[in-house]
Amino acid sequence: TVRKRHKDSMAAAGYAEQLPRLHHNPHGAPHLGWETDMSKTWVLTPDSTRARLFEVVPVDKSLSEVACFTNPDGRALGRDAATDRPPRVNESVGRVRHAIEPHTSPQEKSINHFAHAISEALERGHLDRLYDRLVLVAPDRFLGALHSNLSDAVTACVVGEVRRNLTALPVPELHSR
């Protein structure tokens, strides 16, 4: 039910998610279709518009995509942000009006909301014991937003970070980097 509720909340927020198909082994711990005694590693490659989640296949160290998240507001904000006028406020004395600058831009709000949704998926995967190790491959700006949303348990699983945007790369090229 946790998985279903999370999937519904992601869909309601406008994010598309492809959940991994789980197979249950006789020992009770779910896995993604192959038996191994090695630790399970996930690789996350997010940016402000899309995030791809991979699992490292222990047999040949290849990457298998297990989930893809999209942020529908990510692309639109770059175009629309310049056309929106900031809100106005009237001066208490006289007829003067001033523009109010928001504390957080719409683009930053979208990035933080998307980072929060991704961190919830990572938390759920950690609680379901789908991975033991996590590698983050993201541009600096998104990595900061992601770090501020990750729980302590998920942060403890992070074994590496690459501060680059490799989201658009095909899987074979991503694996070679």
Side-chain angles (χ1 to χ4, degrees), residues 1-72 74 110-140 142-177:
T1 59
V2 172
R3 180 176 306 277
K4 183 175 182 344
R5 272 187 279 143
H6 176 73
K7 186 175 180 180
D8 292 343
S9 67
M10 293 289 288
Y15 300 107
E17 177 184 13
Q18 177 185 346
L19 293 174
R21 185 196 280 160
L22 299 177
H23 305 280
H24 292 279
N25 65 22
H27 305 293
H31 62 88
L32 292 171
W34 47 80
E35 296 291 335
T36 179
D37 291 331
M38 301 170 62
S39 62
K40 294 174 239 166
T41 303
W42 275 7
V43 178
L44 177 69
T45 61
D47 64 14
S48 62
T49 59
R50 180 171 89 154
R52 297 167 67 195
L53 184 61
F54 301 93
E55 182 169 39
V56 177
V57 179
V59 177
D60 60 358
K61 303 293 184 209
S62 64
L63 296 175
S64 172
E65 190 165 355
V66 293
C68 184
F69 307 92
T70 57
N71 181 3
S110 173
I111 288 171
N112 286 332
H113 189 67
F114 189 49
H116 179 73
I118 292 169
S119 68
E120 285 181 344
L122 293 174
E123 178 70 24
R124 188 185 70 240
H126 179 67
L127 292 174
D128 291 345
R129 294 190 172 116
L130 296 177
Y131 69 94
D132 304 315
R133 301 162 37 121
L134 179 64
V135 177
L136 303 174
V137 181
D140 284 331
F142 195 83
L143 200 54
L146 191 59
H147 275 296
S148 67
N149 284 288
L150 291 178
S151 69
D152 292 339
V154 173
T155 301
C157 294
V158 175
V159 295
E161 292 180 355
V162 177
R163 296 177 180 272
R164 294 183 64 196
N165 187 358
L166 303 178
T167 304
L169 289 180
V171 176
E173 192 173 337
L174 181 64
H175 184 267
S176 68
R177 291 190 182 209

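Looking only at distances, no side-chain donor or acceptor of Asp128 sits under 3.5 Å from a matching main-chain atom of Leu130.
Side-chain contact check for Val56 versus Val135: every heavy-atom pair is 4.5 Å or farther apart. Side-chain contact check for Ser110 versus Asn71: some heavy-atom pair is nearer than 4.5 Å. Inter-residue side-chain proximity for Leu63 and Val57 is flagged as unmet; no heavy-atom pair is nearer than 4.5 Å. Residues Tyr131 and Val154 meet the side-chain proximity criterion, which asks for heavy atoms closer than 4.5 Å. In this structure, Asn149 and Ile118 have side chains that are not in contact, with every pair of non-hydrogen atoms separated by 4.5 Å or more.
For the pair Glu55 and Lys40, the salt-bridge criterion is not met [side-chain N within less than 4.0 Å of a carboxylate O].
Here the closest non-hydrogen pair linking Lys61 and Pro58 is NZ-O, 3.9 Å. Of all heavy-atom pairs spanning Phe142 and Pro46, the tightest one is CE2-CB, 3.4 Å. In terms of heavy atoms, Ala121 sits closest to Phe69 at CB-CZ, 3.6 Å.
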Could you give the side-chain donor-acceptor pairs of residues 158-171 under 3.5 Å, partners two or more places apart or in another chain?
unit_1, atom_1, unit_2, atom_2, d
Glu161, OE1, Arg163, NH2, 3.4
Glu161, OE2, His147, NE2, 2.5
Arg163, NH1, Asp140, OD1, 3.1
Asn165, OD1, Thr167, N, 3.3
Asn165, OD1, Thr167, OG1, 3.1
Thr167, OG1, Thr45, O, 3.1

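Atom CG of Leu122 sits about 11.0 Å away from atom CG of Leu127, to the nearest 0.5 Å. In this structure, the separation between SG on Cys157 and CG on Asp152 is 11.0 Å, given to the nearest 0.5 Å. Thr41 OG1 to Leu134 CG: the interatomic distance, rounded to the nearest 0.5 Å, is 9.0 Å. One finds the OG atom of Ser64 at 11.5 Å from the CH2 atom of Trp42 (value rounded to the nearest 0.5 Å).
More than 12 heavy atoms of other residues, nucleotides or ligands lie within 6.0 Å of CZ in Arg50, so this atom counts as buried by the packing criterion.
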